[in-house]
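Proteins come first, then strands; the chains are lettered A, B, ... in the order of their sequence lines, and each starts at number 1. Every heavy atom of this structure was used, including side-chain atoms; hydrogens, water molecules and symmetry mates were not.
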Number of protein chains: 2
Amino acid sequence: MRKFKAEIFQALAHPTRIFIVQSLAQGEMTAGKISEVVGITQSNASQHLAILRNKHVVETRKDGNSIYYRLRDPLFGEMLDKMRQYVVAQAMVAMNHVAEDQDANASVDNVE
Amino acid sequence: MRKFKAEIFQALAHPTRIFIVQSLAQGEMTAGKISEVVGITQSNASQHLAILRNKHVVETRKDGNSIYYRLRDPLFGEMLDKMRQYVVAQAMVAMNHVAEDQDANASVDNVE
DNA sequence: TTAGAATATTCGCAAATGCTATAGTGGTGG
DNA sequence: CCACCACTATAGCATTTGCGAATATTCTAA
């Protein structure tokens, strides 16, 4: 059970796959379009898509000789959005730390 | 930026670390207590905790010669909870698929 | 049926990950 | 000071991952 969750996080644990999932959050796309938008080789895109498929993050639809990909659950888009909020918040903290390095009397408490 | 998000997902992409984060969602714990609860060697626990530390998922507090770990942001607990909902939902779907294998006339639509 | 377009798969290799075992570090009590 | 305790860090090894290049598969059009 935890292993299953871990596999999903593993599927999201790569910048390229995050890019793909974010793109798919806007709507479905063909494999070729994805590799073009993300800016990677066709082979590499196909491999990342296979991982997202195997971990049940995306689903496919076939039309002619194109394959359309879409998110299996909007939850994944939401999770990336939550993560974005968190990253932004942490970036602020990190900037405060930089400020400390430049000025030891910076406005952050509980630092010794 | 995407790399930073990917690193956080990477931190969560292991069953043991999910166990640790779930445990810490209930409150802080010492490193020793964690390795005991999770049922892994002290060394292994320390390595996983180092990863969670480096990826900014947990924070530490020192008391005597014990080190207490806690989640840096309740968001991580929430994410695991969301993931739990999703996994449960998918488990239902999977069970339906099993039913199909046993009975081709099962009660799932859009299957050809 | 043959050519071409869109995806998928396999291969070889460099890099990252996970684990055990083995040090190393820093508090604490005697 | 010294021995212990809780914890962290490193080494070595097997396994996994990520990549481009080459190759296979599948669909469509002519």
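Among the heavy atoms of the strands lying under 4.0 Å from B:Y69 are primed sugar atoms or P, OP1, OP2 only; no base atom is included. Using a 4.0 Å heavy-atom criterion, one finds that A:I40 contacts no nucleic acid atom at all. When heavy atoms are screened at a 4.0 angstrom cut-off, A:I34 is found touching no nucleic acid atom at all. Looking at heavy-atom distances under 4.0 Å, B:T16 makes no contact with the nucleic acid at all.
Atom pair B:R61:CZ and D:dC7:C1' shows a separation of 15 Å (rounding to whole Å applied). In this structure, A:H14 places its NE2 atom 14 Å from C1' of C:dT17, rounding to the nearest Å. We find that CG of B:L49 is positioned 14 Å from C1' of D:dA9, with the value rounded to whole Å. Between B:N44 atom CG and D:dA9 atom C1' there is a gap of 14 Å when expressed in whole angstrom units. Protein atom NZ of A:K55 is 13 Å distant from nucleotide atom C1' of D:dG18, rounded to whole Å. Put simply, CD1 on B:I51 is 11 Å from C1' on C:dC19, counting in whole angstrom units.
Counting non-hydrogen atoms of other residues, nucleotides and ligands closer than 6.0 Å to NZ of B:K33 gives a total of 12 or fewer.
Remark: the backbone N or O of B:F19 is paired with a side-chain donor or acceptor of B:S23 at under 3.5 angstrom.
A salt bridge is absent between B:E7 and B:K55: the closest approach of a Lys/Arg side-chain nitrogen to an acidic carboxylate oxygen does not fall below 4.0 angstrom.
One cannot find a donor-acceptor pair under 3.5 Å joining the base of D:dA6 and the side-chain atoms of B:S66. Contact of A:Q42 with C:dA6 (side chain to base): no donor-acceptor pair of N or O atoms is detected under 3.5 Å. For C:dT9, its base never sits under 3.5 Å from the side chain of A:S46 at any donor and acceptor pair.
Here the side chain of B:R17 is nearest to one of D:dC19, D:dT26, C:dG18, namely C:dG18. When the nucleotides C:dG26, D:dC27, D:dC7 are ranked by their closest atom to the side chain of B:T30, D:dC7 comes out on top. Distance from the side chain of B:N65 is smallest to C:dG27 among C:dC19, C:dG27, D:dA21.
Side-chain contact between B:R53 and B:E59: absent, with no pair of heavy atoms (C-beta onward) separated by less than 4.5 Å.
Taking for each of A:I67 and B:K62 the nucleotide of DNA chain C with the nearest heavy atom, the 5'-most of the two is the partner of A:I67. Along DNA chain C, the nucleotide nearest to A:Q10 and the one nearest to A:Q47 differ in position, and the one closer to the 5' end is contacted by A:Q47.
Taking the six-membered ring where the residue is Trp, B:H48 and B:H14 present tilted rings, their angle falling between 30° and 60°.
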